[in-house]
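Every chain is numbered from 1, with letters handed out A, B, ... down the list of sequences.
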2 protein chains.
Amino acid sequence: MNAQEKRLYEAKAKVLKALAHPTRLWMVEQLGFGERCVCEFVDVIEVDFSTISKHLSILKQAGIVEDEKRGKQVFYRLKVPCVLSFMSCVEAVIESQAKAQAALIA
Amino acid sequence: MNAQEKRLYEAKAKVLKALAHPTRLWMVEQLGFGERCVCEFVDVIEVDFSTISKHLSILKQAGIVEDEKRGKQVFYRLKVPCVLSFMSCVEAVIESQAKAQAALIA
DNA sequence: AGTCTATTTGGCCAAATAACCATATATAAG
DNA sequence: CTTATATATGGTTATTTGGCCAAATAGACT
């Protein structure tokens, strides 16, 4: 693995890392239904609004979402919607894992 | 978001987190070509073998890979191959991001 | 101008992560 | 049985992460 390939895998990991947080993942799923302003997330997520802002900033930095300021509010939307397609496979992993756990008990 | 939903998103995030490391991501891609023993990774990856072992353990714990001991060696293989399908979307995110960066410069 | 609201940013702290080294365990080989 | 090899695990340390609070910024309203 040379330096360029290394950089590539670091970039790929960064994208996945941006998604790899419960709150961020949930927000991405919500954005799958349409754009949302920060304030909408603040209303429903039980963490400090500054934390939400930082989560969104991480998603933006990763290139997953884009933002647009309209008046006082900032709206976020998915920039690359294919990330939504990860969900079904992630669920498959969880189910497979749940089965493995169940097999240990039984 | 109730407690159960919260647990679900934590589980989903855990799977993505397991993939969100350059070395682990690379190993998963390699496993896409077929099973590998730990020693094969140790030979080509420039980190301590204990670190590689721990990375594989994280992937196993997440339910992404499974292992099988044969003789002295332990072989790992993909348990849920659909994770390979993430790659093209992750690359799309990176490309979209690269374009955005380029636009800023130009 | 002054105030209220929406959002971002910086500082700080606790917890999680990832690396290394040393040690333990298991299997094969001599 | 002793040694060598393959892997896993525990300890330690440096770095990163994620949370909160306080402060800064920007737009809308009076």
Side-chain angles (χ1 to χ4, degrees), chain A residues 1 3 6-7 9-28 30-31 35-77 79, chain B residues 1 3 6-7 9-28 30-31 35-77 79:
Chain A
M1 190 151 53
K6 195 180 164 192
R7 256 180 284 120
Y9 279 88
E10 278 164 6
K12 288 184 185 183
K14 182 184 167 187
V15 173
L16 289 170
K17 208 180 224 175
L19 292 168
H21 185 284
T23 302
R24 292 196 293 266
L25 196 56
W26 185 83
M27 292 195 296
V28 165
Q30 296 305 306
L31 292 178
E35 66 171 18
R36 298 277 187 276
C37 76
V38 181
C39 56
E40 288 177 275
F41 288 129
V42 168
D43 284 346
V44 292
I45 302 175
E46 299 256 312
V47 296
D48 196 83
F49 65 93
S50 68
T51 303
I52 292 174
S53 176
K54 278 177 187 173
H55 279 314
L56 287 166
S57 151
I58 288 167
L59 288 170
K60 182 180 162 187
Q61 251 239 300
I64 295 166
V65 304
E66 56 190 358
D67 62 343
E68 184 189 345
K69 183 156 193 170
R70 294 208 296 273
K72 272 190 295 192
Q73 302 173 326
V74 178
F75 288 84
Y76 281 83
R77 54 176 169 267
K79 194 175 170 190
Chain B
M1 189 152 52
K6 195 181 164 192
R7 255 180 285 118
Y9 278 89
E10 279 165 5
K12 287 183 184 183
K14 183 184 166 187
V15 174
L16 289 170
K17 209 181 224 174
L19 292 168
H21 186 283
T23 303
R24 291 198 292 268
L25 196 56
W26 186 83
M27 291 196 295
V28 164
Q30 295 305 306
L31 293 178
E35 66 172 18
R36 297 278 187 274
C37 76
V38 181
C39 56
E40 287 176 277
F41 288 129
V42 168
D43 283 346
V44 292
I45 302 175
E46 299 257 311
V47 296
D48 196 83
F49 65 94
S50 68
T51 302
I52 291 173
S53 177
K54 278 177 188 171
H55 279 314
L56 287 165
S57 151
I58 288 168
L59 288 170
K60 183 182 163 186
Q61 252 239 299
I64 295 166
V65 304
E66 57 190 359
D67 61 343
E68 184 190 344
K69 183 155 193 171
R70 294 207 298 271
K72 274 188 292 191
Q73 302 173 325
V74 178
F75 288 83
Y76 281 82
R77 53 177 169 264
K79 195 176 171 189

**Q** Just to be sure I understand the rule, does A/F75 reach a base, reach only the sugar-phosphate, or reach nothing, if contact means heavy atoms closer than 4.0 Å?
**A** nothing
**Q** Just checking B/F41: base, sugar-phosphate only, or nothing, at a heavy-atom cut-off of under 4.0 Å?
**A** nothing
**Q** Walk me through whether A/R70 and A/E35 qualify under salt bridge (charged side-chain N to carboxylate O under 4.0 Å, His left out).
**A** CA-CA 12 Å; A/R70 294 208 296 273; A/E35 66 171 18; 2.7 Å; yes
**Q** Reckon B/Y76 has a side-chain N or O less than 4.0 Å from the OP1 or OP2 of D/dA8?
**A** yes
**Q** Tell me which nucleotide among C/dC20, D/dA8, D/dG19 gets nearest to the side chain of B/V47.
**A** C/dC20
**Q** Answer yes or no: does a side-chain N or O of B/H55 lie under 4.0 Å from OP1 or OP2 of C/dT17?
**A** no
**Q** Starting at atom CD of A/E68, determine the distance to atom P of C/dA6, rounded to an integer number of angstrom.
**A** 18 Å
**Q** How many Å lie between CZ on B/R36 and P on D/dA6, as a whole number?
**A** 17 Å
**Q** Indicate the ring-plane relationship of A/W26 and A/F41, choosing parallel, tilted or perpendicular according to the 30° and 60° boundaries.
**A** perpendicular
**Q** Is atom CD of A/E10 surrounded by more than 12 heavy atoms (other residues, nucleotides or ligands) closer than 6.0 Å?
**A** yes
**Q** So which protein N/O to nucleotides 21-27 of chain D N/O distances come out below 3.5 Å?
**A**
{"residue": "D/dC21", "atom": "N4", "partner": "A/S50", "partner atom": "OG", "Å": "2.9"}

**Q** Salt bridge (Lys or Arg N to Asp or Glu O under 4.0 Å) with B/E66: which of B/K60, B/R77, B/K79?
**A** B/R77
**Q** Which nucleotide in the set C/dA19, D/dA8, C/dT7 lies at the smallest distance from any side-chain heavy atom of B/D67?
**A** D/dA8
**Q** For B/L56 and C/dT17, what is the distance between atoms CG and C1' respectively, to the nearest whole Å?
**A** 17 Å
**Q** Which whole-number value in Å describes the distance from B/Q61 CD to C/dA18 P?
**A** 13 Å
**Q** Give the rounded distance in Å between these two atoms: CD1 of A/I52 and C1' of D/dG18.
**A** 13 Å
**Q** When rounded to the nearest 0.5 angstrom, what distance separates CG in B/L16 from CD1 in B/I64?
**A** 8.0 Å
**Q** Using side-chain contact (heavy atoms from CB on, under 4.5 Å) as the criterion, point out the one residue from A/V38, A/I52, A/V44 that pairs with A/M27.
**A** A/I52
**Q** In whole angstrom, give the distance that lies between atom CD1 of A/I58 and atom P of C/dT9.
**A** 12 Å
**Q** Are the side chains of A/C39 and A/Q73 in touch, meaning some heavy atoms are under 4.5 Å apart?
**A** yes
**Q** For A/K17 and for A/Q73, find the nucleotide of DNA chain C with the closest heavy atom, then tell me which residue's nucleotide is more 5'.
**A** A/Q73
**Q** What is the distance from CD of B/E46 to C1' of C/dA19, rounded to the nearest Å?
**A** 14 Å
**Q** Measure NZ/A/K14 against P/D/dT16 and give the value in whole Å, please.
**A** 14 Å
